[in-house]
Number of protein chains: 2
Amino acid sequence: MKAPHIAILDDEPEIRRMLSDALEEAGFRTTAYARAGEFEVGLKRSAPDVCLVDLGLPDRDGLALVHRLALESGAAIIIISGRAQVQDRVTGLELGADDYIIKPFDPAEVVARIRARLRKGRTEAAPSLQRARFADWVAEFDRYVLIAPDGTETPFSHAEGEVLRLFLDSPKRLISRAQMQEALGGGAGESFDRAMDVRISRLRTKLGEDPKNPRLIKTIYGAGYIFLGDVSWN
Amino acid sequence: MKAPHIAILDDEPEIRRMLSDALEEAGFRTTAYARAGEFEVGLKRSAPDVCLVDLGLPDRDGLALVHRLALESGAAIIIISGRAQVQDRVTGLELGADDYIIKPFDPAEVVARIRARLRKGRTEAAPSLQRARFADWVAEFDRYVLIAPDGTETPFSHAEGEVLRLFLDSPKRLISRAQMQEALGGGAGESFDRAMDVRISRLRTKLGEDPKNPRLIKTIYGAGYIFLGDVSWN
DNA sequence: CGTGATTTTTTCCCAATTCTTACGAATTCT
DNA sequence: AGAATTCGTAAGAATTGGGAAAAAATCACG
């Protein structure tokens, strides 16, 4: 996939520089403009995926430009502005901007917000993968399948998946029984519930755990459970 | 078009109140939850268009919740948080949030940001296309015909088409039984409705699914259905 | 309006999953 | 060590979904 293209419009050279450095560092292509006129010419040449627009332009009313962009271009529009009043942000967003960042800003946040915009546009085309890897295992949550280190596929049920997901979301951290109850059953269940143990038991079986010496799902007697193993989502 | 539905998750009653008031004033439907558990139960019942999530929850790790939401729900996710560090914002956004609002906030800005999210989501999905391709199949909704990989044409009924469209609109995503009821029958119907199963059953037959091992429409026992297969509309 | 064809819902029964019950094993308290 | 608590798991019970066929509703057409 081609690197997304970000257009930058800002009249201050240092800010242009800072932004393009940070964005290219993050793997984007960038084009920077100092004036609205050049910017619009550039737009005709190639359509960027995201436009970063500074409202404090000397040569044009920034908000009007944003409004036009929002209507005509399919790109996500992020306003950068020194004006911090709520009213400014509200009008900027109402006019069609997708986000509004206040100066002074941290480039890392700009990158994160750009990624969020791109992600949203893209999920329509390429559905997000729900897949986690841990200790040579792979869990595919959209197919409800667990792939063992030797490649064997084992289906897991929704109930098992809920438990597994809870573990994979907070690896190497103690999860109390009460937390788990709430996360799963949502339950007012004050009753002695073995249901949870059963779910965990079945999950352990599918993960091929040795009951005497579990390596992934460890019981902390009187406290809860802890999932060992490095998890990476992708 | 029905008013967009906003789900609110915040443990502080005044904030819940302030948000729902402002949002309903702005013409949205809202549902507010105080705890992550209730929130997740509510999600299964009906899918909101936007989720407002406070990270400072007493009963759950908010970021893990956001991550999960981002993966499995189609909704836009907006984090509300008292943590104002850039690093907090970056990780929140990287984990899948679409926006990050810092407390204290102005309700008007929340409304504006929600509108921005909805606007974006809608323009992508708006042009109602009549033809979808998935896994070597083609569905032509204007002719009510399904074209098999071998070229055979099979007509499908309106009811079957509704189900199919629902699946093709959110592929690889769990669709709960309640959601489906709502999307189709518009149903106040609390009655045990086997009608839906029958529709799905017929659709599966027309798609030539093997009942023992369905590859496209998978049943998640006790949770709903999920459509596997890459979909492209045109 | 009526008749027949198509579509949709209901009914009934079987299969899969999940919860509950029961009991034994492991751990902690006294 | 002995008792009490907490956890693991097998087996039966209760839910929930799949699918065939009958009943009901809707549509097509004269």
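Within every chain, numbering begins at 1; the chains are lettered A, B, ... in the order of the sequence lines, protein sequences first and strands thereafter.
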Can a side chain N or O of R194(B) be found less than 4.0 Å away from OP1 or OP2 on dG18(D)? no
Regarding the side chain of V198(B), the nearest nucleotide among dA20(D), dT8(C), dG18(D) is dA20(D)
| task | Check every strand shown and say whether R202(B) touches a base, only sugar-phosphate, or nothing at a heavy-atom separation below 4.0 Å. | result | base
Comparing P211(A) with A223(B), nearest DNA chain D nucleotide closer to 5' gives the residue P211(A)
Does Y221(A) get its side chain close enough to the base of dT28(C), under 3.5 Å, for a donor-acceptor pair? no
### Query
Can you find a side chain N or O atom of S201(B) that sits less than 4.0 Å from OP1 or OP2 on dA20(D)?
no
Bend of the helix from dC1(C)-dG30(D) to dT30(C)-dA1(D) from end-axis comparison, five pairs per end, nearest 10°, comes to 40°
Under a 4.0 Å heavy-atom cutoff, the residues of residues 152-161 of chain A touching DNA chain D are none
Would you kindly say whether R83(B) and T91(B) are connected by a side-chain donor-acceptor distance under 3.5 Å? no
Out of dC19(C), dT9(C), dG17(D), minimum distance to the side chain of R199(B) belongs to dT9(C)
When F134(A), F227(A), W137(A) are each screened for ring pair (Phe, Tyr, Trp, His ring centres under 6.0 Å) with F167(A), the one that passes is F227(A)
Between Y225(B) and L166(B), does the side-chain contact (heavy atoms from CB on, under 4.5 Å) criterion hold? Intermediate values first, please. CA-CA 11 Å; Y225(B) 299 93; L166(B) 194 57; over 6 Å; no
Would V138(B) and R131(B) count as a side-chain contact (heavy atoms from CB on, under 4.5 Å) here? Give the steps. CA-CA 7 Å; V138(B) 181; R131(B) 176 181 300 164; 3.8 Å; yes
side-chain contact (heavy atoms from CB on, under 4.5 Å) test vs I217(A) passes for just one of L203(A), I226(A), L228(A), namely L203(A)
CZ (F156(B)) and NZ (K206(B)) are apart, to the nearest 0.5 Å, by 8.5 Å
Residues passing the ring-ring contact (aromatic ring centres under 6.0 Å, His included) test with Y33(B), sequence neighbours excluded, are F39(B)
Checking dG18(D), dT18(C), dC7(D) against the side chain of Y225(B) (C-beta onward), the nearest is dG18(D)
